[in-house]
Amino acid sequence: MAITHNLGFPRIGVQRELKKSVEAYWKGELDEAGLRSAGKALRQKNWQLQQEAGIQLIPVGDFAYYDQMLNMTTLLGAAPRRFGYTDAALSLSQYFTLARGDKSNFAMEMTKWFDTNYHYLVPEFLNTTEFRLSSEWLFDEVLEAQALGINAKPVLIGPLTYLYLGKEKHAGLRRLNLLPRLIPVYQQILARLKTLGAEWVQIDEPVLALDLPQEWVDALAPAYEALTASAPKILLATYFDSVEEHAARLKNLPVAGLHIDLVRAPQQAESFLRDFPADKILSAGIVDGRNIWRCNIAASLHTLGPLHEALGEQLWIAPSCSLLHVPVDLAQETRLDPTIINWMSFATQKLAEVSTLARGLAHGKEAIAPQLAQANAALESRVYSPLVHNRAVRQRTAALTAKDAQRISPFTERIARQHARFNLPAFPTTTIGSFPQTADIRAVRAGYKQGRISHSEYQAAMRAEILHAVRKQEELGLDVLVHGEAERNDMVEYFGEQLQGFAFTEYGWVQSYGSRCVKPPIIYGDAARPRPMTVEWAQYAQSLTGKPMKGMLTGPITILQWSFVRNDIPRADTALQIALAIRDEVQNLEQSGIAIIQIDEAALREGLPLKQSDRPFYLDWAVRAFRVCASGVRDDTQIHTHMCYSEFNDILPAIAAMDADVITIETSRSDMELLEAFRKFSYPNDIGPGVYDIHSPRVPGTEEMLRLMRKALAVIPAQRLWINPDCGLKTRGWPEVEAALRNMVAVARQLRSSAAI
Ligand code: GLN
Ligand code: ZN
């Protein structure tokens with residue numbers, strides 16, 4: 001029978017036990033021994049659960065108290081030297097300091113793991129970086145698993161991926177040149193694993209699914225030739241996209257097995273199958289590790305059939321990638337509609353699906369008749385369910401024309417009308433939307449959700465917050481005001497909860513970074529907006545002031561990106577459905593007297609496909625979705641958008657194509673570096689480059705903000721510049737927000753009176 005294995009399991013625990021223990025340790029409520037025993041208990045539970053699900057080779061080494069890349073950094077003795085940790089092995093508290101920083105060191109940088117919402121800690125490399133086997137954690141965990149009778153398959157992040165995902169901190173250093181220093185340490189690690197009796201080791205090289213520069217591709221074969229000598233059998237794992245272009249090379253590598261992702265890239269099976277070496281294993285990643293839908297057992301068997309026929313026992317069955325990216329166990333969900341529950345599968349269920357597939361291949365469909373019948377019934381109920389299909393929505397998206405994605409007049413005419421209507425001063429000041437989410441606000445929201453606070457009490461409390469925020473902004477002298485978003489716990493959840501076609505789990509947590517977990521909404525059906533979602537709050541806020549009140553919405557791509565998305569229709573279709581819902585909201589806001597509306601697209605960039613060749617298509621439908629939201633309004637209604645990242649040099653034309661009247665972006669942390677791109681590409685509309693970093697409680701002085709604005713003025717004409725912070729202020733406290741905004745307004749006044757305009 002085909003061997004079943006798993007690439008990685010979520011480490012947080014069904015009840016987020018890891019989060020709770022780690023945070024208790026940080027607060028000093030749990031000592032190191034306590035945290036370590038909580039970690040040990042979790043590992044044991046996860047291994048046994050996988051074993052019981054019928055998984056034969058179980059990943060060990062996928063557990064981490066904070067992050068798997070950080071674990072690799074400690075194993076390789078590559079903690080950034082700036083922390084000054086000279087001892088070979090790091091203590092647990094030093095490990096956390098790398099991740100979180102302390103008084104004298106800023107934390108290691110964090111960034112997204114490929115196109116997932118998981119963040120890893122970025123390795124830092126110097127010319128003098130040396131690697132040295134510096135930790136026992138991996139070997140300890142292998143021994144721990146073996147003692148429990150677990151058939152352990154240690155997992156490591158591969159040397160190419162480790163280097164590629166890191167950053168050079170010395171000019172002129174090319175991190176690929178560090179490979180010869182890195183290989184001996186990997187050799188040592190592999191030799192130790194072999195001594196421990198590990199038959200297989202999984203080495204992850206997901207960078208192979210990117211557009212990897214040729215010199216990196218060329219480094220692959222020599223690296224793995226060097227690694228195999230005294231190693232256990234190596235299973236080289238790739239995932240998240242196709243590695244078809246490297247198929248010939250991969251088949252020739254001196255490794256014992258290859259894992260490929262057949263969910264994201266089913267078409268690559270054929271290239272691998274052709275002349276597949278008789279002495280290698282091909283691991284088929286067939287159960288979706290990135291989404292929560294139940295596996296179509298019949299269709300998967302159909303895909304696996306030819307592979308099984310050709311490869312026999314050389315074929316292994318697995319999820320497409322580590323299950324880190326899905327919640328732990330569906331059995332916990334009791335409040336969701338049982339029909340919808342029946343369509344889904346979380347990590348635990350996915351492993352059962354893997355073993356069902358293996359049995360089906362080995363013994364025929366009869367052997368898995370009940371599972372097959374259940375999967376088919378679930379699938380069928382989903383295909384025909386009235387919960388999924390909304391005719392009106394389908395008809396509306398089908399009837400959309402180019403005109404629906406086009407404002408009435410071009411920007412130059414619109415902005416003239418908007419200037420006449422708002423009569424704002426030069427360098428208008430505004431904020432990104434949210435004001436401090438105080439403990440009081442959170443308590444009221446929680447109380448209302450749990451039914452302890454009545455609707456009218458809740459409404460009164462939120463209105464009081466809005467009033468407070470409006471008065472503060474007037475006092476500070478801001479030009480375009482916001483209501484403050486007190487009623488929102490999260491910019492996606494708030495809308496998802498009011499849209500049809502969205503479901504929310506109770507325990508569907510996924511690790512985002514460190515101890516932080518998110519519970520993404522599940523989009524299961526056609527998206528529709530039964531009634532206005534934000535109009536009452538915005539209208540109330542506008543009634544309090546003579547200044548323009550900005551309506552605040554989340555855009556379709558951000559909603560899509562931070563949810564588990566349907567797999568029965570293209571993402572682009574779901575985006576368009578959400579876009580229509582937001583368009584209706586935009587129009588209702590306009591009708592109720594809101595003249596400026598911001599549609600946040602915080603996640604537009606992170607939705608970019610991994611491969612360059614897939615990007616134009618994505619940007620095309622993403623931009624269209626935004627334009628559909630924004631184009632149903634009059635010329636003198638001003639559309640803003642906001643994006644909180646500073647790396648979009650490469651997508652500036654797409655951002656310009658969104659045609660928002662005003663865009664606010666993050667720039668302060670990168671010292672307006674982004675604006676360099678504006679030298680080369682002349683962005684046509686208004687722009688508010690963030691002048692201060694909201695991630696820190698530090699109050700920025702007028703001088704530094706003035707300096708940033710002068711930098712901006714060098715590339716953007718004064719009449720198109722706005723002044724605003726980098727992002728929303730919800731994580732800050734009022735005193736620092738007031739001080740910072742007071743300075744920001746002072747900067748605007750200074751600029752207005754200077755010769756700059
Ligand atoms: N309007 C949101 C806020 O101010 C935007 C948040 C974001 O971009 N992440 O909080
Ligand atoms: Zn932001």
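Heads up: numbering here begins at 1 and tracks the sequence. Counting convention: from 1, in listed order, for ligands and their atoms alike.
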Practice task
Report yes if the distance between the aromatic ring centroids of F96 and W26 is under 6.0 Å, otherwise no.
Solution key: yes
Practice task
Determine the interplanar angle of the H640 and W722 rings, folded into 0 to 90°, and report it as parallel if under 30°, tilted if 30 to 60°, perpendicular if over 60°.
Solution key: perpendicular
Completion exercise
Given a cut-off of 2.8 Å, the protein N, O or S atoms lying below it from the Zn ion (ligand 2) are H642 NE2, C644 SG, C727 SG
Practice task
Check M491 against ligand 1 and report side chain, backbone, both or neither, counting heavy atoms closer than 4.0 Å.
Solution key: side chain
Practice task
Could you tell me which atoms of ligand 1, counted from 1 in the order shown, lie closer than 4.0 angstrom to a heavy atom of C727?
Solution key: 7 (C), 8 (O), 9 (N)
Handout entry: H642 N/O to ligand 1 N/O under 3.5 Å
Key = yes
Completion exercise
The atoms of ligand 1 lying under 4.0 Å from a heavy atom of G728, numbered in the order shown, are 3 (C), 4 (O), 10 (O)
Problem - Side-chain (R471) to main-chain (L544) donor-acceptor, under 3.5 angstrom - result: yes
Problem - Qualifying residue, where the test is side chain to side chain donor-acceptor pair (under 3.5 Å) with Q437 and the options are R445, E485, R488, R442 - result: R445
Problem - Parallel, tilted or perpendicular: rings of F617 and W621 (30°, 60°) - result: perpendicular
Completion exercise
With heavy atoms and a 4.0 Å threshold, my read on which part of C644 contacts ligand 1 is side chain
Fill in the blank from the handout: A student comparing D600, T558, I665 should find that the heavy atom closest to atom 1 (N) of ligand 1 comes from D600
Handout entry: Note: E474-K547 ion pair, threshold 4.0 Å (strictly below)
Key = no
Practice task
Show which atoms of ligand 1 fall inside a sub-4.0 Å distance from at least one heavy-atom site of G433.
Solution key: 4 (O)
Problem - Trace of the ring pair (Phe, Tyr, Trp, His ring centres under 6.0 Å) decision for F240 with H325 - result: CA-CA 12 Å; F240 297 154; H325 311 290; 5.7 Å; yes
Problem - Pairing of D671 and R707 as salt bridge, 4.0 angstrom limit - result: yes
Practice task
Identify the two heavy atoms, one from I694 and one from R732, that lie closest to each other, and give their separation to 0.1 Å.
Solution key: O-NH1, 2.5 Å
Exercise for the section: May I ask you to identify the nearest protein heavy atom to atom 4 (O) of ligand 1, giving residue, atom name and distance to one decimal place in Å? Expected result: S434 N, 2.9 Å
Practice task
Would you mind checking if D635 and R417 are paired as a salt bridge, meaning a charged N to carboxylate O distance below 4.0 Å?
Solution key: yes
